[in-house]
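One structure is given below, encoded as structure tokens.
Quick note on labels: first sequence line is chain A, next is B, and so on, each numbered from 1.
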Protein chains: 2
Amino acid sequence: MNISAVAEAAGLPVKTVRYYSDIGLVPAPGRSSAGYRSYDDSAVRKLVFVRRAREFGFSVEECRELLGLYEDRHRSSADVKRIAAKRLEEIAEKQRELQSLHDELAHLVEACRGDDRPDCPIIDSLGNRYGGL
Amino acid sequence: MNISAVAEAAGLPVKTVRYYSDIGLVPAPGRSSAGYRSYDDSAVRKLVFVRRAREFGFSVEECRELLGLYEDRHRSSADVKRIAAKRLEEIAEKQRELQSLHDELAHLVEACRGDDRPDCPIIDSLGNRYGGL
DNA sequence: CTTGACCTTCCAGTAACTGGAAACACTAGA
DNA sequence: TCTAGTGTTTCCAGTTACTGGAAGGTCAAG
């Protein structure tokens, strides 16, 4: 399989597949006589794994770790669970921040008249308690 | 005010204050005879404005835009509202994604036994429908 | 044989800083 | 006055995870 075929099969851009190969996240593929990268099904599976793990918020380094666990005959699900739980906690924290940000901004947008007059609660709230910028 | 004083007053790292000055997000400060940056209260106000806008999810370029609107005598709150509303929409979208991600991952973590056995729903769900990696 | 799609490498850029090195400046204590 | 310690300067490099583009080689169809 050439790179574009494997990229499509894995649901990733060609550039990204090349990048993952370059950084050794997936093994370096074989090469055709012309130097084209040649991937097999195992590469597709690994790339799918990586894509989905990335969608789950795992960093590339964590993907590397997960791939390692996955391939390790002695992998323990405890290791995977620990990593996933840590990630989950971070996601929850991000959610809380995003929620408060959303609420506050929504409140401000609502309070903003949106006409041509210079009064604007958004700007006021960003720059206040100094009596103007 | 030296840079560390203004940084503390604005609630930003020194490096970041220097960076904001370098990229012209806030005006280049005056210099002491020794070449030290010398900030005034107006700089502190602008840095506070930027810090808070950044916390609201505005990009540095949007901060630049907002600062411009803020300082423009003819600024209209409609412009600010438009920018904030756009941002708000993006935040809501991010929230939805984060929510589904959170739910799915939480489900998997819960289903994962977390013992030393190699079965792990997390890994299965990331790499499945290929019969193993 | 040409055209167009596909592939290669390499370099640069993104966003928003952050870290570190080398060197100069200022201040407080002995 | 010397010295130690901290603050400041500039500049360069690195971070994350790609993405875009240039210059050029390859392949398959018509």
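Checked by atom type and distance alone, the side chain of Asp40(B) pairs as donor or acceptor with a backbone atom of Ala43(B) at under 3.5 Å. Formation of a donor-acceptor pair under 3.5 Å by the Glu62(A) side chain with backbone atoms of Ser59(A) is found in this model.
Closest-nucleotide positions on DNA chain C for Glu61(B) and Ile3(A) were compared, and the one nearer the 5' end corresponds to Ile3(A). Judged by closest nucleotide on DNA chain C, Arg37(A) is the one of Pro13(B) and Arg37(A) placed further toward the 5' end.
Side-chain nitrogen and oxygen atoms of Arg31(B) include none within less than 4.0 Å of the OP1 or OP2 phosphate oxygen of dA25(C). Contact annotation: Tyr20(A) does not reach the phosphate of dA17(D) (side-chain N/O to OP1 or OP2, under 4.0 Å). Look at Arg54(B) and you'll find a side-chain N or O under 4.0 angstrom from OP1 or OP2 of dC17(C). Using a 4.0 Å cut-off, some side-chain N or O of Thr16(B) falls inside it from OP1 or OP2 of dT18(C). For dA5(C), the OP1/OP2 oxygens have no side-chain nitrogen or oxygen of Ser4(A) closer than 4.0 Å.
Between Asp22(A) and Arg37(A) there is a salt bridge, with a side-chain nitrogen of the basic residue lying less than 4.0 Å from a carboxylate oxygen of the acidic one.
Tyr36(B) and Val6(B) are not part of a single hydrophobic cluster, where members link through side-chain heavy atoms under 4.5 Å apart.
The listed nucleotides are dC18(D), dT8(D), dG21(D); the one nearest the side chain of Lys15(A) is dG21(D). In the set dC27(D), dA17(D), dT9(D), dA17(D) carries the atom at the smallest distance from any side-chain atom of Val60(A).
When all heavy atoms of Gly11(A) and Arg51(A) are compared, the pair lying nearest together is O-CD, 3.2 Å.
The CD-C1' distance, from Glu8(B) to dT8(D), rounds to 16 Å in whole Å. One atom, OH of Tyr39(B), and another, P of dT8(D), lie 10 Å apart when rounded to the nearest Å. Per the geometry, CG belonging to Leu47(B) stands 11 Å off P belonging to dC17(C), to the nearest Å. Taking atom OH of Tyr36(B) as the reference point, atom P of dG7(D) lies 10 Å away to the nearest angstrom. Distance, Leu12(A) CG to dC18(D) P: 8 Å, rounded to whole Å. Taking atom CE of Met1(B) as the reference point, atom P of dG7(D) lies 15 Å away to the nearest angstrom. Taking atom CG on Asn2(B) and atom C1' on dA25(C), their separation rounds to 10 Å, with Å as the unit. One can place OH of Tyr19(A) at 17 Å from P of dT8(C), the figure rounded to the nearest angstrom.
Contact annotation for Ser32(B): no contact, since no heavy-atom pair falls under 4.0 Å across all strands. Within the nucleic acid shown, Arg18(A) comes within 4.0 Å of at least one base atom, counting heavy atoms only. Ile23(A) comes within 4.0 angstrom of nothing in the nucleic acid, heavy atoms only.
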